Amino acid sequence: MSKIKKNQTTLDPEVTEKLRSQAAELMDQVNAGDYGKAMALISDLSEVRDQSLYREVGRLTRSLHEAIRNFQIDPQNQEQQEALSKMADASDRLEYVVQMTSKAANRTMDLVEEAMPRVIAMRDQAKALREDWQRLRRREIGPAEFRELYVRIDQFFATTADATDAIYGSLSEILLAQDFQDLTGQVIQKVTTLVKEVENHLLSLVVMASHVDQMTGTVHELTEQEQTSPEKGEGPQMRAAERADVVSGQDDVDDLLSSLGF
Amino acid sequence: MKILIVDDFSTMRRIIKNLLRDLGFTNTDEADDGNTALPMLKSGKYDFLVTDWNMPNMSGIDLLKEVRADENLKTLPVLMVTAEAKRDQIVAAAQAGVNGYVVKPFTAAVLKEKIEKIFERIQ
């Protein structure tokens, strides 16, 4: 960041030195009345400017290429190497994240949906048995009904053992289904690194462009920023708690709606 | 009680479907955006609409407006379940006639509370 700031205010020391010496010489030549030599100096000066521009552009191009090479793509030839964008690979990687998370979510829900009916069946059986058991304790059950209850309790123990085994199996598979976090986390970290790198390079480009503007004396008319309509979906908001225009949770939504008379 | 769930992510539709089932609503259908949902609503005799906001083609807010503009659907209760969290957006949804607004990520308890509140008001 400090390097960028420096770039913004100063030119290459070599360039400034040349500028200074040639400007002084130009003054001398003009004062001496040697206009031919003065004109040649002016052309030298503009060459110095062009050279420093080319050097800057060259440096940026090289670092951009470097960044692209570092993002592990295997182009077949030189042409492809130039054409291939790191971003294409980055979007593939993110697509992989979407697939992995979706697979894990579905696998987890499959297992939950498998376990839920078992739990409900166990609960219903236990409830029914408990009622009959209490009737037994109140001595409201005859010998025939008792024999039937005896068998049902026996069956309940057997099915409960089986069902809890199956549920335990589902739970441990749900645990395993969370392994996507490790893989997607790594991929996202890689893409984040790329985005940061590209951001830095873009920032350098912007700085360089302003540098070029400084040297050429160009002033840009800035167009107004596009207004986003509230109708347009934006997806999840980051750092919601620090922002006044964004609600930070359901309580905020409820407060806002009730202030509107909901 | 027939409910239409509209969300472009199948996992979210599945979560909502499961939560609704736990609340005793077992008659649910799914659509992946407003364009798919609208013809279903027009022909399907739904009693309740749960929709996301940000979806390809027709968004949830546009679907809500279409519903409110349709003579046969305009009283249909609509619950928005969305990640959209800007105050402007919530105000826009309220102005468009939404009956409830739940921000993602949400809990089963919040969904239950909002749905019950909507039905209380209707009855």
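Naming: A, B, ... by sequence-line order, numbering from 1 per chain. Side chains included, hydrogens not; waters and symmetry mates left out as well; all remaining heavy atoms used. Please read these numbers as outputs of a predicted model, since none were measured by experiment.
B/Phe106 is linked by a ring-ring contact (aromatic ring centres under 6.0 Å, His included) to nothing, counting only residues two or more places apart in sequence or in another chain. Residues meeting the salt bridge (Lys or Arg N to Asp or Glu O under 4.0 Å) test with A/Asp255, sequence neighbours left out: none.
Contact of B/Val110 with chain A is made through the side chain alone, with heavy-atom distances under 4.5 Å. Only the backbone of B/Asn99 comes within less than 4.5 Å of a heavy atom in chain A; its side chain stays farther off.
The residue among B/Asp62, B/Ile90, B/Thr82 with the most heavy atom pairs within less than 4.5 Å of chain A is B/Ile90. Options B/Lys65, B/Arg21, B/Lys117 differ in how many heavy-atom pairs under 4.5 Å they form with chain A, and the most are formed by B/Lys65. Ranked by non-hydrogen atom pairs under 4.5 Å with chain B, the options A/Asp252, A/Val112, A/Asp254 are led by A/Asp254.
Using a cut-off of 4.0 Å between Lys/Arg side-chain N and Asp/Glu carboxylate O, A/Asp245 and A/Arg243 are scored as salt-bridged. The pair A/Glu145-A/Arg135 counts as a salt bridge, with a side-chain nitrogen and a carboxylate oxygen less than 4.0 angstrom apart. Using a cutoff of 4.0 Å between basic side-chain nitrogens and carboxylate oxygens, B/Glu84 and B/Lys104 are not scored as salt-bridged.
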